Protein chains: 2
Amino acid sequence: MKAVLPHPARDEMRIEAVLHALADPVRLRIVRALAECAEGISCGLLDLGVTASTLTHHVRTLREAGVVHVTPRGTSRISTLRREDLDALYPGLLDGVLAAPR
Amino acid sequence: MKAVLPHPARDEMRIEAVLHALADPVRLRIVRALAECAEGISCGLLDLGVTASTLTHHVRTLREAGVVHVTPRGTSRISTLRREDLDALYPGLLDGVLAAPR
DNA sequence: CTCGTAGTACGGTTTTCGTCGAAATACTGG
DNA sequence: CCAGTATTTCGACGAAAACCGTACTACGAG
């Protein structure tokens, strides 16, 4: 388990990667959950119907795209939405996605 | 060649499909081109670096997701962005995507 | 009607993705 | 230190996606 995880800087984020990260149902549920929880969440607490290793994969996809920030807290990892970066780069995108009918 | 092509109604569109359609570089270039051309375009005129059959595949992906409307005109097919539907369902999404740095 | 152009359909190959289980790692509490 | 919990890593698998070439269809020009 690496202590600190790599995150793309704002100017390294690519729109294709962000859209791809958001295009998966499981990841979208994570993003929706994070959107309601500014303090962040340990994604393992969400009931997403996938195994822990699959969840790791999804969170990494979101992190590497720049959608979420992940930071270790004790034995777990807290994810937060990178709202400011997303809004700065793609104003309206996140709100539009969150406005989508379930 | 089918005369009329199936398009999803507004309430049949799924955010995951829209995001997936937008997440590909070639398709994103198509969308950007269409965004600057309200009258629509024959996508075959764009120089996208893929073969005609691959282009057909991409345009179909966009159409089936509800991102574009395709209508036959003579021997070619005119694609237009479904801006109103996208803005109604996901307000800000399209503008956010188009605002992304190239 | 015939030819040329635009696009589609089909079939195939290669790559990417989502998923899992098993084994490994990191931290906490006792 | 030890046991337990949270998470990651690795390797595998099947499904989906991107891409191409060839053959085919539709339409317009002449």
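So you know, we letter chains A, B, ... as the sequences are listed, proteins then strands, and number each from 1. Hydrogens, waters and symmetry mates are skipped; everything else that's a heavy atom, side chains included, is used. Because the structure is a prediction, the values reported are computed rather than measured.
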Pick out the pairs of N or O atoms, protein on one side and nucleotides 28-30 of chain D on the other, that lie under 3.5 Å.
none

Exercise. Could you check which residues of residues 51-69 of chain A get a heavy atom under 4.0 Å from DNA chain D? Sort them by number, please.
Key: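 Here the set is A:Ala52, A:Ser53, A:Thr56.
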
Quiz item: Where along residues 21-49 of chain B does a heavy atom fall under 4.0 Å from DNA chain D?
Solution: B:Asp24, B:Arg27

Quiz item: What's the CD-P distance between B:Glu16 and C:dC17, to the nearest Å?
Solution: 17 Å

Self-check item: Interatomic distance, A:Leu19 CG vs C:dC17 P [rounded to whole Å]
Solution: 14 Å

Quiz item: Should the heavy atoms of other residues, nucleotides or ligands under 6.0 Å from CD of B:Glu12 be counted, would the total exceed 12?
Solution: yes

Quiz item: Can any side-chain N or O of A:His20 pair as donor or acceptor with the backbone N or O of B:His20 at less than 3.5 Å?
Solution: no

Practice problem: Mark yes or no for whether A:Ser76, through its side chain, and A:Pro72, through its backbone, hold a donor-acceptor pair below 3.5 Å. | Solution: no

Do [X] and [Y] come within less than 4.5 Å of each other through their side chains, counting heavy atoms only?
X       : Y       : answer
A:Leu93 : A:Leu86 : no
B:Ser79 : B:Arg63 : no
A:Thr80 : A:Val70 : no

Would you give the length of the straight line joining atom [atom1] of [X] to atom [atom2] of [Y], rounded to the nearest 0.5 angstrom?
X       : Y       : atom1 : atom2 : result
A:His58 : A:Leu28 : NE2   : CG    : 11.5 Å
A:His69 : A:Ile78 : NE2   : CD1   : 12.0 Å
A:Leu34 : A:Arg29 : CG    : CZ    : 12.5 Å
B:Arg27 : B:Leu55 : CZ    : CG    : 11.5 Å

